[in-house]
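The sequence lines fix the lettering, A, B, ..., with proteins before strands; numbering per chain opens at 1. Here the structure is a predicted model, which is why all the values come from computation and not from measurement.
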Number of protein chains: 2
Amino acid sequence: MQNILILLQEHKIQPTPQRIATTQAVLDAGSHPSADEVWERVKTDHPTVSRATVYNTLNLLVEKGVLKTQIIKEGKVVFDPCVEPHHHFIDEESDEIHDIPWDALKVKGEDSLKDFEVREYQVVLRGRRKKK
Amino acid sequence: MQNILILLQEHKIQPTPQRIATTQAVLDAGSHPSADEVWERVKTDHPTVSRATVYNTLNLLVEKGVLKTQIIKEGKVVFDPCVEPHHHFIDEESDEIHDIPWDALKVKGEDSLKDFEVREYQVVLRGRRKKK
DNA sequence: TTTAACTTTAGACATAGTATAAATTGACAT
DNA sequence: ATGTCAATTTATACTATGTCTAAAGTTAAA
């Protein structure tokens, strides 16, 4: 995609085939992939790309503000292409993570916490996704 | 402590020296220790207790409802003696986790999430703890 | 006291992630 | 085009968290 190239340039990331493939993969992955999940995806099209490069690239993308990390799943960091504030619902059956729009929930009282200077917050919900 | 013994018995956990020491350690640790932090504590008084036993015991305590795990810190599971619903504040400087009482924050809208059956939720806040 | 169930132990294994050093690539001034 | 320096990629080693296994040790209870 041409879009990926532009995206990288906009964030002052020198585009390389490996970085383009990794960025493509993390964006295509949809639901909050882990680094190794991204690596698996990258390898299908670019089998020679090393694990270290995928890790490096993902960390770079986070540093440059293209992605955000979420610490929600046990033992894994997952990457979220949505860098704007929002909440998360974890389906305990499928282990899938779903974004909840910021406006769907309203939190009151966070600025009454005397001892704490809150930089960001989110609601983390767990349960089952309803089948239709 | 005699209390620990009673606590274990109340939760149908067969008390052993190792389990008593581990339970003591996780309760004394205060702020959300990781398994290896608990192991370090146990070893000061009981140097022969194995890592596996501490892990086994902590998992057992979770299973029996004495502790709850929290997935908040990168790469670690931490244990929380407070099993009642509450929120968490993570001090990004010290990496310390602080409990926020349930009533300090009010979340609205969580039962309007059409597609999700929420079993539990919490607000996770990050920032800096104010110095007095 | 013998048996069966439970518990502990050491160590192997699995997985996620970082660090390092050598090789490769790329940018670009000459 | 060429040489050079910086950036990038790679393979591999390493660390850390956590689980699993099989053997040894305990405990309870017939």
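Backbone-only contact: T48(B) has heavy atoms under 4.0 Å from sugar-phosphate atoms and none from a base. Among the protein residues, T16(A) comes within range of the sugar-phosphate backbone only, with heavy atoms under 4.0 Å from sugar or phosphate atoms but none that close to a base.
Nearest-nucleotide positions on DNA chain D for G75(B) and R51(A) put R51(A) closer to the 5' end.
Between T53(B) and dT8(C) there is no side-chain polar atom (N or O) within less than 4.0 angstrom of OP1 or OP2. At dT26(D), none of the side-chain N or O atoms of Q18(B) fall inside 4.0 Å of OP1 or OP2 (strictly under the cut-off). Between N59(A) and dT18(C) there is a side-chain polar atom (N or O) within less than 4.0 angstrom of OP1 or OP2. For R19(A), a side-chain nitrogen or oxygen approaches OP1 or OP2 of dT8(D) to under 4.0 Å. At dA6(D), none of the side-chain N or O atoms of Q14(A) fall inside 4.0 Å of OP1 or OP2 (strictly under the cut-off).
At a cut-off of 3.5 Å, with distance as the only test, a side-chain donor of Q122(B) or H88(B) sits close to an acceptor on the other residue. Under 3.5 Å, the side chains of D115(A) and H98(B) contain no donor-acceptor pair of N or O atoms.
At least one donor-acceptor pair under 3.5 Å links the side chain of R19(B) to the backbone N or O of Q14(B).
Note: H87(A) and Y121(A) have tilted aromatic rings, judged against thresholds of 30 and 60 degrees for the angle between ring planes.
As rounded to whole Å, 17 Å separates atom P of dG11(C) from atom OH of Y55(B). Rounded to an integer number of Å, the gap from L61(A) CG to dT8(D) P is 12 Å.
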